[in-house]
Enquirer: 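Here you go, one structure.
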Amino acid sequence: MRWRRRFLPSLPLTLAIIVFWLLMVSELNAAQLAMAALLGLVIPLYATRIDREFARFGSLRPLPKLLVVLLWDILMSNVRVARQVLSREERIHSSFIWYPLEIGNIHGITALACCITLTPGTVTAALSDDRRYLLVHVLDLADEAALVADIKRRYECPLMEIFP
Amino acid sequence: MEMAIASGIGVLVFAGVYLVLRARSFDVILGLTLLSYATNLLIFSSGRLVVGKPPVLQEGMEATLANHTDPVPQALVLTAIVISFAMTAVAIVLAMRSRADNDSDHVDAGDVRDGREDRG
Amino acid sequence: MSHLPILPILIPLLGGALSLFVEHRRIGTVVQRSVAWVFMLATLAASILLALRAHEGPVLVYLLGDWPARIGIALMVDRLSALMVLTTSLLAGACLLHACSGWDRRAPHFHALFQLQLMGLNGAFLTGDIFNLFVFFEVMLIASYGLLLSGGRGVRMSAGLHYVAFNVAASTLFLIALGMVYGVFGTLNMVEIATRVAGIPAGSLPLAKATIGLLLVVFCAKAALMPLYLWLPEAYTRAPAAVAALFVIMTKVGIYSVLRVGSLMLGEDAGPLAGYGWDWMLPAAVAGLALATLGVLAASRLRVLVAYVVLVSATTLFIAFGLRSAGTIAAGLYYLVHSTFVAAALFLIADLVRRGRGDAGDVLRAFPPAPGVRVVAGAMFLVGAVSVAGLPPLSGFIGKTMLLQAIPEADIRWAWPALLGSSMLVIVGLTRAGTRIFWKPVPVLPALPDGPRPVRGQLRLPETIATMVLLALGVAMSVAPGPVTAYTRAAAEQLLAPSTYIDQVRAAMPQGRRP
Amino acid sequence: MLELMLALPFVLALVLAILRDAPAKAVAWLAGLAPVLALAVLAWLTPAVMDGQIPRTMHEWLPQAGLAFSLRLDGLGWMFSLMVLGIGALVVLYAYYYLGPREKYRRFFCFLLLFMGSMLGMVLSGNLLLTVVFWELTSISSFLLIGFWFHRDDAREGARMALTITAAGGLALLGGVVLIGRVVGSYELDAVLAAGETIRAHELYPWILGLVLAGVFTKSAQFPVHFWLPHAMAAPTPVSAYLHSATMVKAGVFLLARLHPSLAGTDLFFYVVSTVGALTLLVGAWNAIFQHDMKGVLAYSTISHLGLITLLLGLSTPMAVVAALFHILNHATFKASLFMAAGIIDHETGTRDMRRLGGLRRLMPYTSALAIIASLAMAGIPLLNGFLSKEMFFAQALEIEGHEEMRWFVTIAAFLFATFGVAYSLRFVHDTFFGRGPRAVDQDVHEPPRFMQVPVAILVVACVAVGIAPQWTIGPFLETAARGVLGDALPEYSLAVWHGVNTPLLMSFGGVLCGVLLYLGLKRVLDLHAIVRQSQGRMLFHLNIEALFRLGRRFTHAVANGSMQRSLLWLVLVAIAAGAAPFVAAWGEPREPVAFVSQPMVRLAWVLWWLLVTCALGTLALYRYRLLAVLVMGGCGLAVSMTFVALSAPDLALTQLLVELVTVSLMLLGLHYLPKDSPRLRSLPRRLRDCAVALAAGAGTAGLAWAMMTRPPANAAAAEITARSLPEAWGSNVVNVILVDFRGFDTLGEITVFGIAGLAVHAMLRRARMAPEKVMPGPPIKLPVPADLAQMMFPLTLVVSIFLFLRGHNSPGGGFIAGLTLAVPLLIQYVIQGAASVETRFGFDYIRAIGAGLLIALGTGAAAMLFDRPFLASGHYDLVLPVLGTIPLASAAAFDLGVYLVVFGSTMLILSMMGTLKPSKTMIAHRGTIDPATRSALTGEAS
Amino acid sequence: MFGFGLIETTIGIAMYVVGIAMLLALWRLLRGPTVPDRILALDTLNVTAIAELMLLGMHLQSAIYFEAALIIAMLGFVSTVVLSKYVIRRDIVE
Amino acid sequence: MSVVWELLLVALLLVGSFFVLMGGIGLVKLSEFFKRLHAPTKASTLGVGCVLTASVGYHLFVGSDPQPRELLIVAFLLITAPISAHLMSKAALSLRMDEWPQLPGKSDEDTHVPPRPDGGDDEGY
Ligand code: NA
Ligand code: NA
């Protein structure tokens, strides 16, 4: 384990790098595989110098569902936002809300913030100093409690499983 | 297309020269940056304008200028971009230092402080 | 094959790169200076060999990357190039010696910047490709910014801003001209351009003229020809002594480029472009000479005065080269070499004075230098002033006499009054400066509390030797001018026969490739 | 032998310069050795010269310019050598006693010997250019001698004045000599003297004459540039005795005599030279009467006598020339002795002011006697040498033929010369040696040391001897000298005291009588002592010189006031002119239509055009609000990059984009330390002017670009490069191949530039303490969410960077782009995490990276040299490995690695230096923190 | 090359549409009124430029424009970050 | 190329460019910064995403670039978009402190969350 920590600090990163490389070079052969593996081994060692901590995954099981939900949400809310943009502006009631966080892992918070931002209609504006609240700007706020609950259910809960 | 590029160069030079003639170091640097855009476009256009024929050779395509645009001006522009970038960096730092040391960002701060904005 | 032509570029580059590795506090000055000197001397040796080789006659062509000159970059070394490189190396040696009296420790990266500046200068003189010339111009310039600003503060920074901004603007213009050159001629090799100039179709003639006109404007700006000289005095006077002395060669790069372009692209064989632009340069040179001379009179500080002396010599060179006869060019080249050494020496002397007079600096007012400095600095100033003013028996006189002799009958009526009158006024200015600085009594009473205070200036051996070396080079040129004048004469003839030059360059073939 | 003679003074001057701490006596002995030994050499050569031979010697100096070190000793040279060395020896003796115990003997004698050598060189020179060399050397060394007491204002001023005027004359002489060289084809004196006819007949003759005479007149203090001579009297008296009686001022007339055979004999020569001589003679003599300084009288009298000599040479008859030479000798003897006497008096009484002196004949009878005799010689009293030459002058004046008006003029001038001469001599004698005792001189006045009087005595004895028995004493010398000028045209003349009663004799007596009457009359009518005569020449000179300096100052300040704005304006103007001139000149000429097919607009070109133009103009409109300008300019950068993409230049687009990003970052980093806004420029004309200039520049550039693009391209070289790129340079991205192979040398220079930029920035900021313009109070902010994301990006960008690097040779990318691709994400880390946290974890020696990059690039290029191929010749090797297959290894890739390192190192060095500046506390306190009231002004907010 | 040019026509239309979006962003860039608005506009310009580049790549049937789009996507936000940081703190690198 | 694929690509392109345009329109039309912030960040993401997907398909079938490399662009966009949005809103917030909502459960004194970089004693700038 210690050996792995030392020479392979983050398996996800290594894998990501290998995939990245192979995607980029657009060819799949022994030489490129060797190169990808080499980079996958070397770069994380180097990146540890920048990274404070690598993300440790808990369970990856909720991930596929989360991605699908997210994709769907992006699609749907895009349509909604498009409608709002095209409609008269007076009907839009935008507002800030403080979203109370339950997730404590910083990577989880980041992922949640990403999800919120990527989903149209909401954008994370800030994280409170104690990391317990996210400031979210909502383009068209109907029901604050419902929105908070929605986010919690759709994103935060799966994320808490992924980033324990 | 030629007219568009030429007029674009002209507008960049116009804005750049006007800014270069200003009295404050930062404005001059802005002007020089705009001028470098114009310069890059001009050198680039010395190879004439060709759409969709990048000078990257591909198999099955003969390596002639019929299939590829003139690569030389591109190489020149690359060098020019790098060099003007280096110069801009030095100029910015120099402007900072000059401002810090002479307590004015007037381009002629060092010798004359007669309060007039422009002496050129 | 002989790699001699490229050595004056590569040696300083290597020196500069290595300097970066030895410039640590733990390593110490001795090692840094040793590295600097090893490469300096190697460059000097290469320059001497190169000059000897170039003097044999044929143009030395070095095809970089073994590509034919028309598609790659070629170094083309004729007598003129080699002469300039040798001059640069000799000057740089003295400047380095001067800097080793202490400035090199106060200016971060001095040795690296110095070597790279040398690389830029040599590259500019040796290259035969006009875009490569631009690149080396930039190497030279940015190294000069570094040398000017490293370790500096205060007014030097604002002077530096002026210098940098002006040069960046001029470089932008250079690039525009280069774009035009490629667009019009389809090549960047100067010899290739020269072969295409004559055949330019009538419809493209104004365009070609504008292109070369812009090039000349750039070179004249670097050479500080009127009215593009306004940047020079401040920059040169604010630079540290060793750097200011080295800068003297920088205006010469512009002049060299004018000569080169003039010889190849505006020479006898240039068809409709023959002689284009020169008609304007002569009046500009005369007007510039007048203004520079007035500047010598107006100078309120010794270094400003020397900066204007540099301008006087630059404009004198433009007159010499503008007349475009073998005699004037030969005389001009002699004058160029001489004025480089002497003006550099004067900058070093001015610095000595500045240090030796404490708070009074080099301001031209009655305040004596420290006694320790006075005699040596005064004697050196006398030699330098006599030299630069064109008084016998030193090099300035020989240069000026040869120039007067060579000026064609038709041009005597304006060129002679200009040259002689300017000499006259320069003498007046130098005399005033010299008497004010060196001929003031040491005050018996202690200075006023708020007035400038004299200091116990002491001579540092390296800087004294450096100054003396420069002056000695000038004196040597006057005692035995024969070899130098023979060389410059041959160089001038080579310049006036561009077709030979072109043929020799075009005959150079790659070794390991098909041509 | 001639070389030896000439070398002696210089060698001994050098010896003196080297000898430190030598006692005064030894110095004087050494100095005296020079003229004495040289005189011995001269004596050795004398028989030959007397025989009419001309000893010669010649060494090459600069044959191309006709400059040779040739010496010749003819009669004229011999006479002057004798004078220079003889009086020189006496002056050395005299000076040893004259100089005070605290004077710098070594320097004085060193300068004196230098001068002696220069003078000797001039009279011996057999090459006109060499003459000019020594001529100017006399100017320089006399400058040093006149300014010997440089702590005195008058000495400095006198020295400067003398140098200014004589050096100017020297330059004119140089011009004249070069013209002579053109006409004759040689500068050798023999050739020039033989070519008199040619010169006089040449159309350049007036110019030659004018220039040479300008030299002669300035040196010999002729009217109207005579005024420097009295001011040169600030020199120590030995110097005056030497320079202003026998040597320096005689250089001019020497040259006139020297070139007499070549130049004289025309009406122009006659009129100009004699008129100037006559005017000088009158002006000098008249002014001498009104001087109060003993040396002032002597100086003006010298001017007058030089005028006489010039006049005689101008008359040009053989007899006049003889008279001139005779007078040169006579004047040298009596004037040198008078100067020395004046020096003795000054030395003993402490003053030279004749108003304060008097009655010295009682106190110093011996000196007085000598001085009185010499004065009488100066006045032209019979039985003294001055009388003889004056008689000859009168005779010549009366014998002028063919120029009636000149005869009258010269005769009257001669008479007045005699009259005034007697008057000032009388005043000199009377005021100094007679009358009441020294007024206001409370010194114990007595005779000087004996050896100080010896030189005076020798000279006075010579005066008397010549005056009494001229034929025996001076005859042979004069004949030798005259033969040197006139050659065989030597006239019959008799050197006798008594020629019977004739007109000249009557004129002489009349002159003496009138002089006495004049002096007495003036004394009665005027209080001579109360007259203060300002030197008009000096005033004029000063006015002129000062006007010159003022003109220089004003002009320089008006033109070259150091303003950068003006520099740039001129650059733009000249560039516009250079670009437009050929088109303006070709306006209206018939033009052939150019076959040109315009490229159709790309689909997105309109968007890009609007983007580019709007952002450029937007930057211009917003430039005062700097942040906004930077922002809007970002649009320009994007538009340019997109244009490159659209026009088949992916590499360019990448580079431009990356550089753009870094540039924006640098500008913002810099803006932290600069004011946020530019002040408003109120002057409308100024704005309009700049606008017009900018418009012209813009229109001109656009026109040039258009004209260029519509010409048929000449791209044979590009075609060849494209074709040879793959087979010979093993790369299919031709742009990259050009960068690392065809034009790899450019790239080497380019990365050098880039590396130096990093070093320069480092050097400028390393120890700089800078205050931000305004400080945001409070601790640095934390950005956990962006930080986390950015962290995730970094390894991926590293992958992209490596990809771009490796692929650069075959598709867009390459070392430069890859280097920036690595640097920019690191910049993000700096921005989001703060410099301190990045630098502690990601310690990297950027400077060494630059060095290493340069070394790698250099080494790659130089590796080719090992294979005896030129620098940067590329190599290529296919490495075949099991499993992995063929891996192409190209030297170009190694070169690109150097590029990569330099770019990365330098960019990071710049960013990290700018990001980690240490603020100066005091300056922050001075500038303060952000004030809410100014917020909108600071960012250019609309509200 | 294709049986029917529908896709090519669509690419053309899309290029115009995205171009209009770019011009709209340009308008916001110049108009402001606040600095964050302009930053936002610049960011949008970058993103639309990616779309435009990809469309161009399709239009010209070349993958050569991929790298440019990649760089914009990967690093184009740098100016956004730096400018925002400047507005927040003045001192970009703390 | 099959008609279905082509129609799919056409649809993707149309949808993509539509959303890109929506982003632009929103950016221009909406009245206040935070509203505007929504339009481009989202619409562009989806819009560009669609275009990129279309590009993958197109190149795949034309054969000019058989790899789905555009996915990398999407990946980077997904990472960078939140960073940009986050920082831009922080920038906007730092200029307009008065509009901040109060943090639940906190009193007035310590509602300054996220911590104001400047200590809260000025109105930003
Ligand atoms: Na590249
Ligand atoms: Na986004």
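Each chain gets a letter, A, B and so on, in the order its sequence line appears, and its residues count up from 1. These figures come from a predicted structure and were not determined experimentally.
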Enquirer: Is there a side-chain contact between C:Ile9 and D:Leu748 in this structure, where contact means two heavy atoms from C-beta onward sitting under 4.5 Å apart?
Expert: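 With C-beta onward as the side chain, the pair stays apart.
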Enquirer: Is it the side chain or the backbone of C:Trp416 that comes within 4.5 Å of chain D heavy atoms, both, or neither?
Expert: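 It is the side chain, since no backbone atom gets that close.
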Enquirer: If I measure from the heavy atoms of chain D, does C:Leu425 come under 4.5 Å with its side chain, its backbone, both, or neither?
Expert: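 Contact with chain D: side chain only.
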Enquirer: Please verify the inter-ring angle class for D:His762 with C:His109; under 30° counts as parallel, over 60° as perpendicular, anything in between as tilted.
Expert: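 Plane angle between 30° and 60°, so tilted.
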Enquirer: Using a 4.5 angstrom heavy-atom cutoff, name the option from C:Arg196, C:Lys400, C:Gln117, C:Met119 with the most pairs to chain D.
Expert: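 Ranked by contacts with chain D, first place is C:Met119.
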Enquirer: Below 6.0 angstrom between ring centroids: does that apply to D:Phe745 and C:Phe131?
Expert: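 No; C:Phe131 has its ring centre 6.0 Å or more from that of D:Phe745.
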Enquirer: Examine whether an atom of C:Phe166 lies under 4.5 Å from a heavy atom of chain D, and if so say whether it belongs to the side chain, the backbone or both; otherwise answer neither.
Expert: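 The answer is both parts of C:Phe166.
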Enquirer: Can you confirm if the aromatic rings of D:Phe871 and C:Trp67 lie within a centre distance of less than 6.0 Å?
Expert: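 Ring centres of D:Phe871 and C:Trp67 not closer than 6.0 Å.
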Enquirer: For C:Tyr229, is it the side chain, the backbone, both, or neither that has a heavy atom closer than 4.5 Å to a heavy atom of chain D?
Expert: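 Interface part for C:Tyr229: side chain.
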Enquirer: How about D:Arg848 and C:Phe21: do any of their side-chain heavy atoms sit closer than 4.5 Å?
Expert: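 In short, these two side chains touch, coming nearer than 4.5 Å.
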Enquirer: Could you tell me which portion of C:Ala221 (side chain, backbone, both or neither) has an atom closer than 4.5 angstrom to a non-hydrogen atom of chain D?
Expert: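 The answer is the side chain of C:Ala221.
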Enquirer: For C:Arg153, is it the side chain, the backbone, both or neither that has a heavy atom under 4.5 Å from a heavy atom of chain D?
Expert: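 When you check distances to chain D, no heavy atom of C:Arg153 falls under 4.5 Å.
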Enquirer: Check each atom of C:Val135 against the heavy atoms of chain D and say whether the ones under 4.5 Å are side chain, backbone, both or neither.
Expert: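 Contact with chain D is through both the backbone and side chain of C:Val135.
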Enquirer: State, yes or no, whether a side-chain contact exists between D:Val753 and C:Phe136 at a heavy-atom distance under 4.5 Å.
Expert: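 Side chain of D:Val753 against side chain of C:Phe136, heavy atoms only: no contact under 4.5 Å found.
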Enquirer: So what's closer than 4.5 Å to chain D heavy atoms on C:Arg432: side chain, backbone, both or neither?
Expert: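 For C:Arg432, heavy atoms of backbone and side chain both lie under 4.5 Å from chain D.
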Enquirer: Do you know which of D:Asn715, D:Val574, D:Leu854 has the most heavy-atom pairs with chain C at a distance under 4.5 angstrom?
Expert: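 Winner by heavy-atom pair count: D:Val574.
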Enquirer: Please state whether the side chain, the backbone, both or neither of C:Ala170 comes within less than 4.5 Å of a heavy atom of chain D.
Expert: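 Contact with chain D: backbone and side chain both.
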Enquirer: Report which part of C:Gln511 has an atom under 4.5 Å of a heavy atom belonging to chain D: side chain, backbone, both, or neither.
Expert: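 The side chain, not the backbone.
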Enquirer: By a 4.5 Å heavy-atom criterion (distance strictly below it), what part of C:Leu63 contacts chain D: side chain, backbone, both, or neither?
Expert: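 Just its backbone gets close to chain D.
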Enquirer: Show the numbers, then the answer: is there a side-chain contact (heavy atoms from CB on, under 4.5 Å) between D:Val132 and C:Phe397?
Expert: CA-CA 10 Å; D:Val132 177; C:Phe397 170 76; 4.0 Å; yes
